Amino acid sequence: MSNNFFAYLDRMKYIKRWQLMRSVREENIMEHSQQVAMFSHALAVINNKVFGGKADADKAMLYAVYHECSEVMTGDLPTPIKYFNNSIQGAYKQLEDRALDKLLDNLPQELRDEFGGALKPDTKSYEYTLMKAADRLSAYVKCLEELRCGNEEFRNAKKSIEKDLHSRDIPEVEYFFTHFVPAFELTLDELEGF
């Protein structure tokens, strides 16, 4: 029996995002997952407190924590390649599924079901929808960061991601955009009100 699960996940810090783009600051999938977890939790709380919904904030956050873990085996395939056509997208999904199965095989048998639900979430749930939106919000915030630093490489990505987010017609995302996104364009002095 192999118990390498958490050692594999620890390697998330070595998997770089945005490989085809010149970045002012590199980002790895471990830090990205933490941001997506915060945003997922926020969107679920907004769902419940602002829109009277019943989203499970813990589940949304859990899905986010593990949403990139297959990449410790597959690497981060750039989005333009991953979604180039249905054939590539389907093949990559199969590869991700096999990587997740291999990861789960690295857990003691008595833990596999519990972690299986986190690694292979209910893709029809609203919590999953919120997590996927949070994933895009994280990418959008990365674009804002890079543009704030003068890196025009991210201008088209920002436009594309913003259009995608607004097209999803998710009220929690619109609330997040209105109330929280503008602050990501501020300097520390501006955040502190100096």
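This structure is a prediction, so every number in the text was calculated from the model and none was measured.
- Around atom CZ of F51, more than 12 heavy atoms belonging to other residues, nucleotides or ligands sit under 6.0 Å away.
- The shortest non-hydrogen separation linking S40 to A60 is CB-O, 3.5 Å.
- In this structure, S160 contributes its side chain and A157 its backbone to no donor-acceptor pair below 3.5 Å.
- Taking the side chain as every heavy atom from C-beta outward, F39 and V141 approach each other to under 4.5 Å.
- Put simply, the side chain of H32 never gets that close to the backbone of I29: no donor and acceptor are under 3.5 Å apart.
- Other residues, nucleotides and ligands place more than 12 heavy atoms under 6.0 Å from the CZ atom of R148.
- One finds a salt bridge joining K120 and D101 here, because a Lys/Arg side-chain nitrogen approaches an Asp/Glu carboxylate oxygen to under 4.0 Å.
- Linking Ile, Leu, Val, Met, Phe, Trp and Tyr residues whenever their side-chain heavy atoms come within less than 4.5 Å places F154 and L144 in a single cluster.
- Residues V36 and V72 do not share a hydrophobic cluster, clusters being chains of Ile/Leu/Val/Met/Phe/Trp/Tyr side chains in contact below 4.5 Å.
- At a threshold of 4.5 Å between non-hydrogen side-chain atoms, the residues R98 and T74 do not count as touching.
- Rounding to the nearest 0.5 Å gives a distance of 10.5 Å between SG of C69 and CZ of F6.
- Using a 4.5 Å heavy-atom cutoff, the side chains of M30 and D10 are in contact.
- Residues F180 and I46 meet the side-chain proximity criterion, which asks for heavy atoms closer than 4.5 Å.
- Atom CG of L43 is separated from atom NZ of K132 by 14.0 Å, given to the nearest 0.5 angstrom.
- Atom CG of N156 sits about 8.0 Å away from atom CE of M21, to the nearest 0.5 Å.
- Residues H67 and A64 share a closest heavy-atom pair of ND1-O, 2.6 Å.
- Residues T178 and Y175 fail the side-chain proximity criterion, which asks for heavy atoms closer than 4.5 Å.
- Residue I170 is not grouped with residue M131 when hydrophobic side chains (ILVMFWY) are merged at heavy-atom distances under 4.5 angstrom, including chains of intermediate members.
- When hydrophobic clusters are built by joining Ile, Leu, Val, Met, Phe, Trp and Tyr residues whose side-chain heavy atoms come closer than 4.5 Å, directly or via intermediates, L100 is grouped together with M12.
- For the pair R25 (side chain) and E146 (backbone), a donor-acceptor distance under 3.5 Å is absent.
- Listed for the Q19 side chain is a donor-acceptor partner under 3.5 Å among the backbone atoms of K16.
- In this structure a side-chain-to-backbone donor-acceptor pair under 3.5 Å is missing from R17 to A139.
- In this structure, N47 and E172 approach most closely via the heavy-atom pair ND2-OE2, 2.7 Å.
- Using a 4.5 Å heavy-atom threshold, the side chains of S23 and K142 count as touching.
- The structure places CG of D135 at 10.0 Å from CD of Q35, a figure rounded to the nearest 0.5 Å.
- Two residues are said to be in side-chain contact when any heavy atoms from C-beta on lie closer than 4.5 Å; L107 and E114 fail this criterion.
- For E152, the CD atom is densely surrounded, since the number of other residues' heavy atoms within 6.0 Å is greater than 12.
- In the hydrophobic clustering of this structure, V45 does not group with L137; members are Ile, Leu, Val, Met, Phe, Trp, Tyr whose side-chain heavy atoms approach within less than 4.5 Å, directly or through other members.
- Closest approach of S138 and E27 over heavy atoms only: OG-OE2, 4.4 Å.
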Take Y126 and K54 through the test side-chain contact (heavy atoms from CB on, under 4.5 Å) and record every step on the way to the result.
CA-CA 9 Å; Y126 198 59; K54 295 184 183 343; over 6 Å; no
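- Between the CG atom of L119 and the CG atom of L9 there is a distance of 7.0 Å, given to the nearest 0.5 Å.
- Side-chain atoms of N48 come within 3.5 Å of backbone atoms of A55 as a donor-acceptor pair (strictly under, hydrogens ignored).
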Would C143 and W18 satisfy side-chain contact (heavy atoms from CB on, under 4.5 Å), going step by step from the backbone distance to the final call?
CA-CA 10 Å; C143 293; W18 304 97; 4.2 Å; yes
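- Contact record, P121 with A118: CD-O, 3.8 Å, taken as the closest heavy-atom pair.
- No donor-acceptor distance shorter than 3.5 angstrom exists from the side chain of D56 to the backbone of E127, with no hydrogens or angles considered.
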Kindly determine whether E145 and F184 satisfy side-chain contact (heavy atoms from CB on, under 4.5 Å), including the steps that lead there.
CA-CA 7 Å; E145 175 187 19; F184 285 96; over 6 Å; no
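- V24 has its side chain out of reach of E153: every pair of non-hydrogen atoms, C-beta onward, lies at least 4.5 Å apart.
- A side-chain donor-acceptor contact under 3.5 Å links N28 to the backbone of E31.
- Using a distance-only test at 3.5 Å, with no hydrogens or angles considered, no donor-acceptor pair links the side chain of R155 to the main chain of L147.
- For the atom pair CG of L186 and CD of E192, the computed distance is 11.5 Å after rounding to the nearest 0.5 Å.
- Nearest approach of P171 to D169, heavy atoms of both residues: CD-O, 3.6 Å.
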Does the pair F115 and L104 meet the rule for a side-chain contact (heavy atoms from CB on, under 4.5 Å), with working shown?
CA-CA 7 Å; F115 283 90; L104 289 169; 4.0 Å; yes
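- In K158, the NZ atom is crowded: over 12 heavy atoms of neighbouring residues, nucleotides or ligands sit closer than 6.0 Å.
- In this pair, F177 and H166 present their aromatic rings tilted. The plane angle is within the 30 to 60° band.
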